[in-house]
Asker: 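Below: one structure in structure tokens.
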Amino acid sequence: MRNEIALTLQKALRELYNIDWQIDTSIIQRTKKEFEGDFTLVVFPFVKQARQSPDMVAQSLGDYFQQNLHCRFNIVKGFLNLTFPCQVWINFLKNNYTNTSFGYFATGNSDVTLIEFSSPNTNKPLHLGHIRNNLLGDSVSRILAACGKKVIKVNLVNDRGIHICKSMLAWQKFGNGETPESTQMKGDHLVGKYYVEFDKHYKAEVAQLEAGGMDKTVAEKQAPLMLEAQEMLRKWENNDPEIRQLWNQMNEWVYQGFAQTYQQLGIAFDKVYYESQTYLLGKQLVEEGLQKGAFYRRDDQSVWADLREEGLDEKLLLRSDGTSVYMTQDLGTAQLRYDEFHPKEMIYVVGNEQNYHFDVLKLVIGKKLKKEYGPRIHHLSYGMVELPFGKMKSREGTVVDADDLMEEMIIEAQNKTSELGKTDFEDGKASQLFEMIGLGALKYFILKVDPKKNMLFDPEESIDFNGNTAPFIQYTHARIKSLLRKAADHQINYNHQSFNEIDLQKAELDLVKMLYEFPQIVKTAGEMKSPALIANYAFDLAKEFNRFYQETPIFKETNEQLRDLRLHISQFTALVIKNAMTLLGIHVPEKM
RNA sequence: GGUUCCGUAGCUCAAUGGAUAGAGCAACUGCCUUCUAAGCAGUAGGUUGUUGGUUCGAUCCCAACCGGAAUCACCA
């Protein structure tokens with residue numbers, strides 16, 4: 001419909017005013033509820049070229065639409081509202097209400113999009129900040145796939161470096177041979193425990209040195225534990241068998257822990273990279289850049305890129321001892337991925353604290369090294385999750401642990417359910433439901449917020465289950481399913497197509513029009529890489545349905561065609577809710 | 001200090017440059033002998049940080065200022 005309007009508008013502009021207009025369906029908006037109409041066109045953009053008053057342009061265009069598209073129209077202050085015959089909407093409903101992939105676009109031979117997310121360190125378990133990263137990455141992947149792209153999800157695990165050595169060292173010194181089995185702890189939590197342990201002892205050492213009169217910054221560098229950790233990193237880089245074995249073992253514990261967390265979150269990757277295998281890769285590119293004259297070497301042998309002309313600073317690419325830094329590896333991994341998948345776009349889901357890093361990365365690859373994939377890098381930058389008392393700090397124990405939080409949400413869902421006196425579930429269904437609701441609430445809470453904004457999480461007030469939440473939307477879905485079950489119980493076969501003489505009421509029409517918007521929302525969410533658009537749409541839709549549900553009894557309706565039509569609308573709404581929530585990685589129940 | 005991002009109801013969040021800035025939570029008022037009340041209807045709550053500018057039209061774009069955050073490492 002939108003396309004037809006746009007095409008007709010293009011023709012009208014050419015014929016009436018000789019204006020050459022590029023098709024852009026986004027200027028055709030849904031009419032606001034307080035006005036009469038289905039679609040609204042703002043005519044102001046054309047009045048200058050048309051050399052007529054806004055109302056005259058609207059009148060002429062309205063006449064044209066009326067003749068060519070058989071719609072009615074009204075004009076309010078330069079806004080042209082078009083109203084289509086009811087039958088148009090009924091046809092839309094008939095043609096789509098059983099289409100289980102409604103809102104999803106076909107893949108075809110489309111572009112490859114590579115998306116990196118999660119990218120954890122292996123020295124501690126995942127926390128709420130990681131959850132936002134994982135959920136965003138997963139949901140954007142789903143949305144882009146729904147937009148017809150071939151999406152490849154990759155994870156880059158930071159499995160090496162000084163921070164892992166800290167955990168290893170602390171375990172060696174204070175661990176007494178503890179294992180996940182012996183302690184009944186998840187592996188990542190056990191390793192995280194020793195990361196904290198290291199910090200505790202390290203701080204004590206620094207304090208002692210300071211008490212002995214040493215300067216703080218010197219003490220921080222001279223503390224025996226820090227020196228030992230650095231020594232361990234050197235041994236690691238020299239392939240010391242003992243250190244490598246310990247490293248392998250502790251990483252293995254962490255991976256088993258992560259696997260559980262990922263599974264519960266419902267996310268998976270197509271490919272996992274490990275920094276221990278890729279961290280040397282960038283050196284070749286740095287060498288290439290040196291030869292091209294894109295970079296330069298200082299007297300101390302360190303290598304730099306000069307980005308002052310681009311408004312940034314000079315950036316280190318290789319240390320004076322020849323070892324690689326973060327930027328070096330990212331240069332390497334970008335090349336590696338590009339060679340492997342030739343993506344049209346490479347998305348990095350990384351927090352906004354690294355905005356500068358990605359500005360530099362893009363410039364170094366595109367402007368300096370002149371690689372064609374430089375401009376294809378897209379940093380999907382998201383805001384921090386803040387607590388009422390500030391940022392999460394693992395060393396200060398103010399982190400909200402991912403596993404704990406998920407567990408609490410599930411228990412909360414269970415409590416809430418029994419509070420409401422809902423106990424009638426088949427064997428095994430109840431625990432599935434609690435998980436669906438608890439995790440759904442958590443995911444929705446995070447995804448409904450615009451990714452680039454910082455958001456606040458208050459652990460004292462647990463996440464709501466009423467209002468603009470996943471449980472509300474899930475409840476609406478369950479309600480509809482209950483309606484459809486009742487229809488089946490009453491032997492009502494509403495799957496027929498004979499609705500030709502029926503007029504839709506406003507509540508029904510509003511709902512159908514909102515359902516019509518879904519594919520457009522998916523498209524925009526893909527372009528903007530924002531699950532928040534999907535989340536807010538799903539809420540609006542559920543809200544709209546509940547209004548309809550409350551105001552419009554279905555089974556009391558004596559006109560059978562009208563009753564059946566309402567069942568169509570209900571079924572379609574359930575389908576769209578499910579499709580929308582699936583894009584957020586949230587399941588919807590048949591009953592709750 | 002330089003750069004980037006954010007400031008919308010008491011709180012948490014919406015609003016591709018379009019009509020009277022919307023939801024939820026919290027507060028208050030109604031609606032369950034039932035198509036599931038995790039719901040619906042209603043009341044109250046706003047100078048969209050401030051001041052200018054661009055525009056037919058600005059929460060949105062531009063400039064300055066005020067607040068807050070991030071970043072500017074031979075960390076990642």
Asker: With a 6.0 Å cut-off on ring centres, are A/Tyr475 and A/Phe472 close enough?
Answerer: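 That pair fails the under 6.0 Å test.
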
Asker: Among the nucleotides B/rU71, B/rC40, B/rU36, which one has an atom lying closest to any side-chain atom of A/Glu353?
Answerer: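 Shortest atom-to-atom distance from the side chain points to B/rU71.
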
Asker: Taking the C1' atom in each of B/rA64 and B/rG10, what is the distance between them to the nearest angstrom?
Answerer: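 Here B/rA64 and B/rG10 have their C1' atoms 31 Å from each other.
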
Asker: Of A/Pro553 and A/Gly311, whose closest RNA chain B nucleotide lies nearer the 5' terminus?
Answerer: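 Whichever sits nearer the 5' end wins; that is A/Gly311.
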
Asker: Contact class for A/Ile162 vs. all strands (heavy atom < 4.0 Å): base, sugar-phosphate, or nothing?
Answerer: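 A/Ile162: no heavy atom of the nucleic acid under 4.0 Å.
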
Asker: Tell me whether A/Lys591 is salt-bridged to A/Asp424, with the criterion being a basic N under 4.0 Å from an acidic carboxylate O.
Answerer: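 Yes.
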
Asker: Within less than 4.0 Å of OP1 or OP2 of B/rC75, is there a side-chain N or O belonging to A/Arg319?
Answerer: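 For A/Arg319, the contact criterion (side-chain N or O under 4.0 Å from OP1 or OP2 of B/rC75) is met.
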
Asker: Please pick, from B/rU71, B/rC25, B/rU36, the nucleotide with the shortest atom-to-atom distance to any side-chain atom of A/Asn466.
Answerer: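 For A/Asn466, the side-chain atoms sit closest to B/rC25.
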
Asker: Given atom CD1 of A/Ile463 and atom P of B/rA38, what is their separation to the nearest angstrom?
Answerer: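 A/Ile463 atom CD1 is separated from B/rA38 atom P by 20 Å.
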
Asker: Considering only the P atoms, how many Å lie between B/rA27 and B/rU34, rounded to the nearest integer?
Answerer: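 Pairwise P distance, B/rA27 against B/rU34, rounds to 29 Å.
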
Asker: So, the side chain of A/Ser139 versus the backbone of A/Leu136: is there a donor-acceptor pair under 3.5 Å, distance only?
Answerer: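 No, because the side chain of A/Ser139 does not come within donor-acceptor range (under 3.5 Å) of the backbone of A/Leu136.
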
Asker: Both A/Asn352 and A/Arg479 contact RNA chain B. Which one's nearest nucleotide lies toward the 5' end?
Answerer: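 It is A/Arg479, whose closest nucleotide lies nearer the 5' terminus.
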
Asker: Taking only the P atom of each, what is the distance from B/rG24 to B/rA41 in whole angstrom?
Answerer: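 Comparing P positions in B/rG24 and B/rA41 gives a spacing of 8 Å.
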
Asker: Looking at A/Glu237 and A/Arg160, is any side-chain nitrogen of the basic one under 4.0 Å from a carboxylate oxygen of the acidic one?
Answerer: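 Salt bridge present between A/Arg160 and A/Glu237.
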
Asker: Just compare B/rA41, B/rG24, B/rA38 and give me whichever is closest to any side-chain atom of A/Arg547.
Answerer: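 Selected nucleotide (nearest to the side chain): B/rA41.
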
Asker: Using the C1' atom as the point on both nucleotides, what is the distance between B/rA21 and B/rA58, in whole Å?
Answerer: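 That atom pair is separated by 12 Å.
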
Asker: What integer distance in Å separates A/Met384:CE from B/rU71:P?
Answerer: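 Value for this atom pair: 8 Å.
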
Asker: Think A/Lys452 has a side-chain N or O under 4.0 angstrom from the OP1 or OP2 of B/rU4?
Answerer: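 So the side-chain polar atoms of A/Lys452 never come under 4.0 Å of the phosphate oxygens OP1 or OP2 of B/rU4.
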
Asker: If I take atom CZ in residue A/Phe548 and atom P in nucleotide B/rC35, what distance separates them, rounded to the nearest angstrom?
Answerer: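 The distance from CZ of A/Phe548 to P of B/rC35 comes to 14 Å, rounded to the nearest Å.
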
Asker: Under 4.0 Å, heavy atoms only, any strand: does A/Ser530 hit a base, just the sugar-phosphate, or nothing?
Answerer: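 A/Ser530: no heavy atom of the nucleic acid under 4.0 Å.
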
Asker: Any carboxylate oxygen within less than 4.0 angstrom of a Lys/Arg side-chain nitrogen, looking at A/Arg319 and A/Asp321?
Answerer: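 A/Asp321 and A/Arg319: not salt-bridged.
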
Asker: In whole angstrom, give me the gap between the P atoms of B/rC62 and B/rG18.
Answerer: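 Those two atoms are separated by 15 Å.
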
Asker: To the nearest angstrom, how far is A/Ile577 atom CD1 from B/rG39 atom C1'?
Answerer: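 Going from CD1 in A/Ile577 over to C1' in B/rG39 covers 13 Å.
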
Asker: Side-chain donor or acceptor of A/Lys422 under 3.5 Å from a matching atom on the base of B/rA38?
Answerer: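 Looking at the base of B/rA38, it does pair with a donor or acceptor on the side chain of A/Lys422 (distance under 3.5 Å).
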
Asker: Are A/Lys203 and A/Glu220 close enough for a salt bridge, meaning some N to O gap below 4.0 Å?
Answerer: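 Looking at A/Glu220 together with A/Lys203, the answer is no, because their closest N to O distance does not fall below 4.0 Å.
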
Asker: Please determine which of A/Glu560, A/Glu557, A/Glu551 meets the salt bridge (charged side-chain N to carboxylate O under 4.0 Å, His left out) test together with A/Arg566.
Answerer: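 Exactly one option meets the salt bridge (charged side-chain N to carboxylate O under 4.0 Å, His left out) with A/Arg566, and it is A/Glu557.
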
Asker: Give one of base, sugar-phosphate or nothing for A/Phe555, where a contact means two heavy atoms less than 4.0 Å apart.
Answerer: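 The residue A/Phe555 makes base contact.
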
Asker: Applying a 3.5 angstrom cut-off to the pairing atoms, does RNA chain B sit in any stems of at least three consecutive Watson-Crick or G-U pairs? List them by first number.
Answerer: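 B:1-7 with B:66-72, B:10-13 with B:22-25, B:27-31 with B:39-43, B:49-53 with B:61-65 - these are the stems of 3 or more pairs that involve RNA chain B.
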
Asker: Given B/rA38, B/rA23, B/rU4, identify the nucleotide with an atom nearest to the side chain of A/Asn355.
Answerer: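 Between B/rA38, B/rA23, B/rU4, the one nearest the side chain of A/Asn355 would be B/rU4.
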
Asker: Summarise how protein sits on nucleotides 12-21 of chain B as a single string, 5' to 3': B when a protein heavy atom is under 4.0 Å from the base, S for sugar-phosphate-only contact, - for no contact.
Answerer: SSSSB-BBS-

Asker: Figure out the CD/C1' separation between A/Gln354 and B/rA73, and round it to whole Å.
Answerer: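 So the CD-C1' distance, A/Gln354 to B/rA73, works out to 13 Å.
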
Asker: What integer number of Å spans the C1' atoms of B/rG45 and B/rA23?
Answerer: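 Between the two C1' atoms, the distance is 14 Å.
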
Asker: Is B/rC32 in the syn range, within 90° of 0, or in the anti range?
Answerer: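 Syn, angle within 90° of zero.
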
Asker: Just how far, in rounded Å, is C1' of B/rG42 from CD of A/Glu551?
Answerer: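 Whole-Å distance recorded here is 13 Å.
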
Asker: Parallel, tilted or perpendicular: which fits the ring planes of A/Phe358 and A/Tyr348, with parallel below 30° and perpendicular above 60°?
Answerer: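 If you compare the ring of A/Phe358 with that of A/Tyr348, the planes turn out tilted.
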
Asker: What's the gap between B/rU8 and B/rC61 when it is taken at their P atoms, as a whole Å value?
Answerer: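 B/rU8 and B/rC61 have their P atoms separated by 15 Å.
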
Asker: Before accepting this row, confirm whether a basic side-chain N of the pair A/Glu314/A/Arg298 lies closer than 4.0 Å to the acidic partner's carboxylate O.
Answerer: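 Salt bridge between A/Glu314 and A/Arg298, a charged N being under 4.0 Å from a carboxylate O: yes.
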
Asker: Would the base of B/rA38 count as contacting A/Thr417 through its side chain, where contact means a donor and an acceptor less than 3.5 Å apart?
Answerer: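 Pair found.
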
Asker: Hey, does the side chain of A/Ser324 reach the backbone of A/Tyr279 with a donor-acceptor pair shorter than 3.5 angstrom?
Answerer: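 Yes.
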
Asker: Indicate whether OP1 or OP2 belonging to B/rC35 is found under 4.0 Å from a side-chain N or O atom of A/Ser482.
Answerer: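 A/Ser482 to B/rC35 OP1/OP2: no side-chain N or O under 4.0 Å.
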
Asker: Rounding to the closest angstrom, what is the interatomic distance between B/rU71 and B/rU50 at atom C1'?
Answerer: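 After rounding to an integer number of Å, I get 26 Å for this pair.
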
Asker: Determine: side-chain N/O of A/Tyr475 to OP1/OP2 of B/rA38, distance under 4.0 Å, yes or no.
Answerer: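 Yes, such a contact exists.
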
Asker: What residues form a ring pair (Phe, Tyr, Trp, His ring centres under 6.0 Å) with A/Tyr444, not counting sequence neighbours?
Answerer: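 Here no residue qualifies.
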
Asker: When you measure from the side chain of A/His477 to the backbone of A/Pro589, do you find a donor-acceptor pair of N or O atoms at a distance under 3.5 Å?
Answerer: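 Side chain of A/His477 to backbone of A/Pro589, a donor-acceptor pair under 3.5 Å: yes, one is there.
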
Asker: Tell me: CZ of A/Arg563 to P of B/rC35, nearest whole Å?
Answerer: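 Rounding to the nearest Å, CZ of A/Arg563 and P of B/rC35 are 16 Å apart.
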
Asker: Can you see if the side chain of A/Lys543 gets near the phosphate of B/rC40 - specifically, an N or O under 4.0 Å from OP1 or OP2?
Answerer: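 The answer is yes; a side-chain N or O of A/Lys543 sits under 4.0 Å from OP1 or OP2.
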
Asker: Please report, rounded to the nearest Å, how far the P atom of B/rA76 is from the NZ atom of A/Lys166.
Answerer: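 Distance check: A/Lys166 NZ to B/rA76 P gives 12 Å.
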
